[in-house]
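These numbers come from the heavy atoms of this one structure, side chains and all, not from hydrogens, waters or symmetry mates.
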Amino acid sequence: MRYESTDQGTGQMLRSVAYSLALMVVGVCVSSNRAEAAGSLVIAGGALRFDDPEVWTEIVELAGGPKSKIAIIPTASANPSLAGKRAAAVFTRFGADPVVVPLGIPPGKDSAAKDQPAVAVDPQWAERVRSAGGVYFAGGEQARITDALRTADGKATPLLDAIWDVYRRGGVIAGTSAGAAIMSHFMYRDAEQVLPTLQHGVKMGKEVDYGLGFIGDKWFVEQHCLARGRFARALVLMQNQGYKFGIGVDENTALVVRHSHEVKVIGYKGAVVMDLSQASRDPTIQGFNIKNVKLTYLDRGDQIDLDTAVVTPSEEKRAGVKLDPNSADFSPHHDRFFFSNDILGNTTVAEMLARLINNKKAEAIGLAFDGYFARQQTTQGFEFRFYRAKDSLGWCTEAYGGEDYTVTNIHLDIRPVDVMASFYRPAEEHLLSTVITTKPAGVPAKTASVQKTSK
């Protein structure tokens, strides 16, 4: 990132070909539509609190202000009726005139949500949505949204056309969690948890599917990014699909996108920008690996241009302390090597970036592995090596009541490693430290069975 400190058989094969052709139709539609859009996006990372006014007020303002009509699409939820009522109550409280669109999943795709599958092709509902100043997608499972808004051959339904018309005309398209996942050209559909995703990889048509593409095809969007360590999951999909840029937004936080490229972070926490434009993979290493990813952490108030990748720290950050590790007067707060045995933990990566930019040590290590299995047997994990370079830079402010950072261009290498048993023992058995091999993890490792989630 650059910164700106002033401102199995024939049948399966045929089905695969048909699926690919349908997705090609979807992809062409997404790319052409985004170029015509004049509206705004509000992309919330999930767990959006109903009592936090900042994000909700922003959506209402972008939809036209008080009394603006906002169409709520609760289809992703396991209980769309309840989710719709709750979102409508929030928008009413913040001055909007909401209408809940009772969009269900087509029969055969989801037996739990068949309320009104005809809504997607009903011209009257299409016109009601088209006349709105904004559209809001509730959270849940993103595949419910895309399944409901596209036909079996991948074409847009009249309702999806109406939603795009709102965006082209200048309205706002907003969404939280699943409603954020659909914003990019590709999205996770039936994904495992983060560690198994690193171990097993992803495939188009299985874990990966097409989103609705409101943000275009250059940037990948991830949700629950910091709270659930999904920045790592994002890197797997990005490498698999050839993305150069991605942005993951955290919970109760949102990205406000204006003019298709001007982004500002609002809400509680922040977002992680993932730059793979100079990244590489070692084909001699089995399993997921990547070198020279550049990570940037944007805090509330920070901005980034999606066209140029130029970062502009908030006014408070620019008035605070600038941290340039390459300057002669660099005087960092920390002077120790940071190590995390759970880099996928809640907000751990953001803390790691902040500590590294304000440290005499230029490198830090994080691990991701299954601790339960590491007690009993050798298991596969991953080493995350964070390091500064000549383009690393940061800012810090205490204007919000604590230490808040903006950090650009911390470099990251990820490689598989073997975590050897036993990870730990009771003290009376003489506590042993973790033993980690630095060779590529080539020995098949037994891993825990995990429950998939499409969120």
Checking the side chain of [X] only, and the main-chain atoms of [Y] only, is there a donor and an acceptor separated by less than 3.5 Å?
{"X": "D209", "Y": "R189", "answer": "no"}
{"X": "T296", "Y": "V273", "answer": "no"}
{"X": "K269", "Y": "N252", "answer": "no"}
{"X": "S392", "Y": "K390", "answer": "no"}
{"X": "D250", "Y": "T253", "answer": "no"}
{"X": "R169", "Y": "R130", "answer": "yes"}
{"X": "S77", "Y": "G140", "answer": "no"}
{"X": "T176", "Y": "G46", "answer": "yes"}
{"X": "R388", "Y": "I357", "answer": "no"}

Which residues share a side-chain hydrogen bond (donor to acceptor under 3.5 Å, both in side chains) with S131, sequence neighbours left out: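 Scan of S131 (side-chain hydrogen bond (donor to acceptor under 3.5 Å, both in side chains), adjacent residues dropped) gives K69.
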Contacts of type ring-ring contact (aromatic ring centres under 6.0 Å, His included), residue F337, not counting sequence neighbours: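 Here no residue qualifies.
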Contacts of H333 that satisfy ring-ring contact (aromatic ring centres under 6.0 Å, His included) - sequence neighbours left out: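 Not a single residue meets the ring-ring contact (aromatic ring centres under 6.0 Å, His included) criterion with H333.
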Centroid separation W164 to F214 less than 6.0 Å: yes
Under 3.5 Å side-chain donor-acceptor pair for N358 and Y405: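 Looking only at side-chain atoms, Y405 and N358 do form a donor-acceptor pair, the distance falling under 3.5 Å.
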T406-D302 side chain donor-acceptor pair, cut-off 3.5 Å: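 Result is yes, a qualifying pair exists.
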Expected list for residues 85-99: side-chain donor-acceptor pairs under 3.5 angstrom, two or more places apart:
from, atom 1, to, atom 2, distance (Å)
T92, OG1, A88, O, 2.8
R93, NH1, F50, O, 3.4

Counting only heavy atoms not in [X] (residues, nucleotides, ligands), do more than 12 fall under 6.0 Å from its [atom1]?
{"X": "Y268", "atom1": "OH", "answer": "no"}
{"X": "K244", "atom1": "NZ", "answer": "no"}
{"X": "K361", "atom1": "NZ", "answer": "yes"}

Without placing hydrogens or testing angles, list every side-chain donor-acceptor pair under 3.5 Å for residues 234-241, not counting sequence neighbours.
from, atom 1, to, atom 2, distance (Å)
Q239, NE2, N289, O, 3.0
N240, ND2, V202, O, 3.2

L255 vs L298 side-chain heavy atoms within contact, under 4.5 Å: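 No - every pair of side-chain heavy atoms lies 4.5 Å or more apart.
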Ring geometry between F338 and H334 (parallel below 30°, tilted from 30 to 60°, perpendicular above 60°): perpendicular
All pairs passing salt bridge (charged side-chain N to carboxylate O under 4.0 Å, His left out) where residues 44-57 contributes a residue, at least two apart: R49-D51
